[in-house]
Trainee: 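Got a structure for you, questions after.
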Number of protein chains: 2
Amino acid sequence: MCKYCIEEWHPAICANKINIKLKKGDILFKEGEPVEGIYFVYSGNIKVYKQWDNDKELIIRFAENGAILGHRGIGPNLNYPISAAALEPSVVCYISMKFFESTLKVNGELTYQLVNFFASELRKSERRMRDLAHMPVKGRVAGALIKLQKQFGTTPDGFINIVLSRQDLASFAGATYETVFRVINEMVQEQNIRLSGKSIAIVNQDALAALRQQGK
Amino acid sequence: MCKYCIEEWHPAICANKINIKLKKGDILFKEGEPVEGIYFVYSGNIKVYKQWDNDKELIIRFAENGAILGHRGIGPNLNYPISAAALEPSVVCYISMKFFESTLKVNGELTYQLVNFFASELRKSERRMRDLAHMPVKGRVAGALIKLQKQFGTTPDGFINIVLSRQDLASFAGATYETVFRVINEMVQEQNIRLSGKSIAIVNQDALAALRQQGK
DNA sequence: CGCCTGATTGAGGCAAATCAAGCTTCGTGG
DNA sequence: CCACGAAGCTTGATTTGCCTCAATCAGGCG
């Protein structure tokens with residue numbers, strides 16, 4: 001059985017899945033490639049990102065633990081609008097888009113769930129658009145940390161439960177890694193966060209949350 | 001009959017619609033208000049935007065001619081994540097969210113269409129996130145003009161067929177109006193666009209398109 | 001006519017990117 | 001197991017794109 005991924009969407013799909021193992025750094029699909037299918041993340045952590053300028057990117061989100069992947073590819077004759085790469089060893093389930101779409105056509109409940117999911121994604125996405133347009137970097141980094149903690153939780157000693165390079169944190173916040181580094185340092189000075197190696201713990205959640213309101 | 005709006009989504013809904021007339025500047029709903037229903041634009045032009053800082057906003061999109069409005073409010077107990085205001089006299093059809101959701105539950109085809117629509121919105125949205133994060137203002141303005149021309153077409157003499165204040169153009173591009181103004185001037189100098197009052201005509205589409213690739 | 005909103009233009013400042021250079025970590029292969 | 005090179009991290013100096021502020025100007029409208 002497929003406890004973590006497809007089951008919660010629709011058991012019938014489960015029969016048609018294929019598991020794929022990914023090593024750290026493996027690319028599941030790349031922007032521009034024709035859409036073949038849809039994936040569900042069984043274990044691990046996959047970054048979904050959009051490229052700009054060879055060594056610049058924006059991380060859209062992190063997909064783990066049951067998350068659906070490649071759903072933006074629904075529609076006629078599409079290429080993936082984004083890329084997906086494993087941040088750690090991961091396992092994903094693959095379902096051909098053809099099969100997935102035909103399932104949607106006959107299963108209204110599944111489709112309805114998907115509409116709800118999409119609406120929620122759209123809300124997040126549009127909020128983030130505004131933030132990228134108007135919010136200063138410090139607020140965006142604060143927001144990134146809060147979102148990460150919300151998604152991945154904390155270890156017993158309070159650190160956000162994800163291993164992430166500064167590079168990737170920067171891409172998630174939409175800034176350069178030098179700037180993110182400086183901002184992180186400021187936050188440590190202000191006793192709002194705490195570091196241990198590359199791990200980050202939020203000490204003063206309210207202070208970070210306040211940064212996201214700055215000037216709003 | 002409701003030729004322009006609901007029919008193409010689902011005729012059955014048509015019976016339950018209520019028409020609402022809006023004057024220029026009227027606000028249909030505001031960020032934070034509880035979601036009551038969903039709208040379809042019958043005629044006119046509605047800007048969908050997200051606020052920041054009292055006199056700063058980001059225009060998400062322009063809804064006209066059959067566009068659905070308020071669909072991000074699908075889900076349990078939500079408040080509108082965005083605001084909607086009429087840019088010109090407009091007519092919209094109102095449908096209660098309750099009714100719309102129950103229609104979705106029994107009408108798989110409609111829901112399936114909605115999923116396709118949402119996936120497309122998500123693709124646009126995520127591309128724009130990246131652009132806001134990494135693309136310089138000039139490229140964003142170029143992109144805004146191209147998108148406007150694509151959506152609204154041109155008048156016989158080649159001008160983009162929409163009346164839009166510089167203010168709103170700036171909010172759409174994600175920049176201040178002063179900056180947008182300067183950029184517009186540059187483009188005129190470079191013979192890439194042409195002005196007539198507030199109307200803008202794209203003279204050299206390729207040059208504008210190239211700006212969107214700058215450094216990519 | 002005079003007010004008010006939006007357009008236009010200039011000067012100045014600042015946040016963040018870029019550039020540059022040393023340092024640390026990590027993976028790979030000898 | 002060590003050596004080496006490549007990535008990534010850290011830090012400072014410099015540049016710059018864009019915003020902010022401020023002032024003037026044009027046009028619509030009561």
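Reminder, nothing fancy here: chain letters follow the sequence lines and each chain counts from 1. What you see is a predicted model; the values in this text were computed from it and never measured.
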Trainee: Quick check: closest heavy atoms across Tyr49(B) and Ile59(B), and the distance to 0.1 Å?
Mentor: CB-CA, 3.9 Å
Trainee: Name every residue in residues 172-184 of chain A that has at least one heavy atom under 4.0 Å from any atom of DNA chain C, in order of residue number, or write none if there are no such residues.
Mentor: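 DNA chain C contact set from residues 172-184 of chain A: Ala175(A), Thr176(A), Glu178(A), Thr179(A), Arg182(A).
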Trainee: Roughly how many Å is it from NZ in Lys198(A) to P in dT24(C), rounded to a whole number?
Mentor: 13 Å
Trainee: Using whole Å, report how far CG of Asp55(A) lies from C1' of dA6(D).
Mentor: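 Rounding to the nearest Å, CG of Asp55(A) and C1' of dA6(D) are 15 Å apart.
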Trainee: Does Gln167(A) put a side-chain nitrogen or oxygen below 4.0 Å from OP1 or OP2 of dA7(D)?
Mentor: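 The answer is no; no side-chain N or O of Gln167(A) sits under 4.0 Å from OP1 or OP2.
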Trainee: Regarding Lys138(A), tell me which of base, sugar-phosphate or nothing describes its non-hydrogen contacts under 4.0 Å with the strands shown.
Mentor: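 Touches nothing.
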Trainee: Taking OP1 and OP2 of dT11(D), is either one under 4.0 Å from a side-chain nitrogen or oxygen of Asn185(A)?
Mentor: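 For dT11(D), OP1 or OP2 has a side-chain N or O of Asn185(A) closer than 4.0 Å.
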Trainee: How far does NZ of Lys147(B) sit from CZ of Arg140(B), to the nearest 0.5 angstrom?
Mentor: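 So the NZ of Lys147(B) and the CZ of Arg140(B) are separated by 10.5 Å.
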Trainee: Calculate the interatomic distance between Met135(A) atom CE and dA15(C) atom P; express it in whole Å.
Mentor: 16 Å
Trainee: Provide, to the nearest angstrom, the distance between the CD atom belonging to Glu186(A) and the P atom belonging to dG12(D).
Mentor: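 Those two atoms, CD and P, are 13 Å apart.
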Trainee: Could you please spell out the steps behind the side chain to side chain contact (heavy atoms under 4.5 Å, CB included) verdict for Phe118(B) and Ile74(A)?
Mentor: CA-CA 9 Å; Phe118(B) 274 27; Ile74(A) 294 175; over 6 Å; no
Trainee: Pick the closest DNA chain D nucleotide for Arg166(A) and for Ala133(A) by heavy atoms, then say which residue is nearer the 5' end.
Mentor: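 By nearest-heavy-atom nucleotide position, the 5'-most residue is Arg166(A).
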Trainee: Under 4.0 Å between a side-chain N/O of Lys56(A) and OP1 or OP2 of dT18(C), yes or no?
Mentor: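 Checking dT18(C) against Lys56(A), a side-chain N or O does come within under 4.0 Å of OP1 or OP2.
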Trainee: Using the rule given for side chain to side chain contact (heavy atoms under 4.5 Å, CB included), can you reason through Glu57(B) versus Ile82(B), listing the C-alpha separation, both sets of side-chain angles and the distance that settles it, and then say yes or no?
Mentor: CA-CA 10 Å; Glu57(B) 63 188 33; Ile82(B) 40 92; over 6 Å; no
Trainee: Would you say Asp26(A)'s side chain and Lys23(A)'s backbone share a donor-acceptor pair under 3.5 angstrom?
Mentor: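 At least one qualifying donor-acceptor pair exists.
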Trainee: dT18(C) C1' sits how many Å from Asp53(A) CG, rounded?
Mentor: 12 Å
Trainee: Roughly, in whole Å, what's the span from CH2 in Trp52(B) to P in dT20(D)?
Mentor: 12 Å
Trainee: Would you find a donor on one side and an acceptor on the other, under 3.5 Å apart, between the side chain of Ser96(A) and the backbone of Phe99(A)?
Mentor: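 Looks like yes, one N/O pair under 3.5 Å.
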Trainee: So, Arg61(A) side chain and Val48(A) main chain: donor-acceptor pair closer than 3.5 Å or not?
Mentor: no
Trainee: Taking 4.0 angstrom as the limit, do Glu126(B) and Arg72(A) come out as a salt bridge?
Mentor: yes
Trainee: Check the side chains of Ser196(A) and Ser199(A) for a donor-acceptor pair under 3.5 angstrom, ignoring hydrogens and angles.
Mentor: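 No, no side-chain donor-acceptor pair sits under 3.5 Å.
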Trainee: To the nearest 10 degrees, what angle separates the axes at the start and end of the helix from dC1(C)-dG30(D) to dG30(C)-dC1(D), five pairs each?
Mentor: 40°
Trainee: Leu169(A) CG to dG8(D) P: how many Å, rounded?
Mentor: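 Going from Leu169(A) (CG) to dG8(D) (P), I get 15 Å.
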